Amino acid sequence: MARKAAAAMDGKSSELARAMAEAEAREERLRQQLEAALARVAVAEEAEERLCVQLGELEAEAMEEALEYQQHVRALSERLAFMDGVLRSSGLQSGVAAGGMH
């Protein structure tokens with residue numbers, strides 16, 4: 001009877017050891033998956049930071065181009081108004097003063 005109890009205990013012990021080894025292996029796989037996920041998150045964060053910097057640079061460039069365009073339009077408007085004034089003072093009627101450009 002003692003032998004049967006000892007054999008049963010050995011069977012339980014080996015079953016527990018096997019279950020523990022499986023749990024450790026599963027834990028190691030999960031740890032590796034977590035580390036891989038954290039590495040992907042770090043790469044994604046770096047990419048996001050680079051994109052934010054690039055977006056900021058593009059926004060600044062767009063604003064600069066818009067201001068230059070606005071200045072150019074203003075200069076052309078002033079030039080057109082000046083030329084219209086010259087034409088009026090010379091007695092000629094400009095297309096702008098006559099009802100628009102043709």
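These numbers come from a predicted model, not from an experiment.
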Can I get a per-line list of side-chain donor-acceptor pairs under 3.5 Å for residues 39-51, giving both atom names and the distance, sequence neighbours left out?
none

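Under the rule for a side chain to side chain contact (heavy atoms under 4.5 Å, CB included), the partners of R18 that lie at least two apart in sequence or sit in another chain are E15, E22. For Q70, the side chain to side chain contact (heavy atoms under 4.5 Å, CB included) partners at least two apart in sequence or on another chain are L67, R74. Judged as a side chain to side chain contact (heavy atoms under 4.5 Å, CB included), and not counting sequence neighbours, the contacts of V53 are E57. Scanning for side chain to side chain contact (heavy atoms under 4.5 Å, CB included) contacts around E28 gives R31, Q32, with sequence neighbours left out.
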With side chain to side chain contact (heavy atoms under 4.5 Å, CB included) as the criterion, how do E64 and E61 come out once you've worked through the C-alpha distance, each side chain's angles and the decisive distance to 0.1 Å?
CA-CA 5 Å; E64 187 176 313; E61 186 178 324; 5.6 Å; no

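Hydrophobic cluster membership of Y69, counting Ile, Leu, Val, Met, Phe, Trp and Tyr whose side-chain heavy atoms lie under 4.5 Å apart directly or via other members: V73. Residue L38 shares its hydrophobic cluster (ILVMFWY side chains chained together at separations under 4.5 Å) with L34.
R79 contributes atom CZ, which lies 9.0 Å from atom NE2 of H72 (distance to the nearest 0.5 angstrom). Taken from CG in L58 to CD in E65, the straight-line distance is 9.5 Å, to the nearest 0.5 Å.
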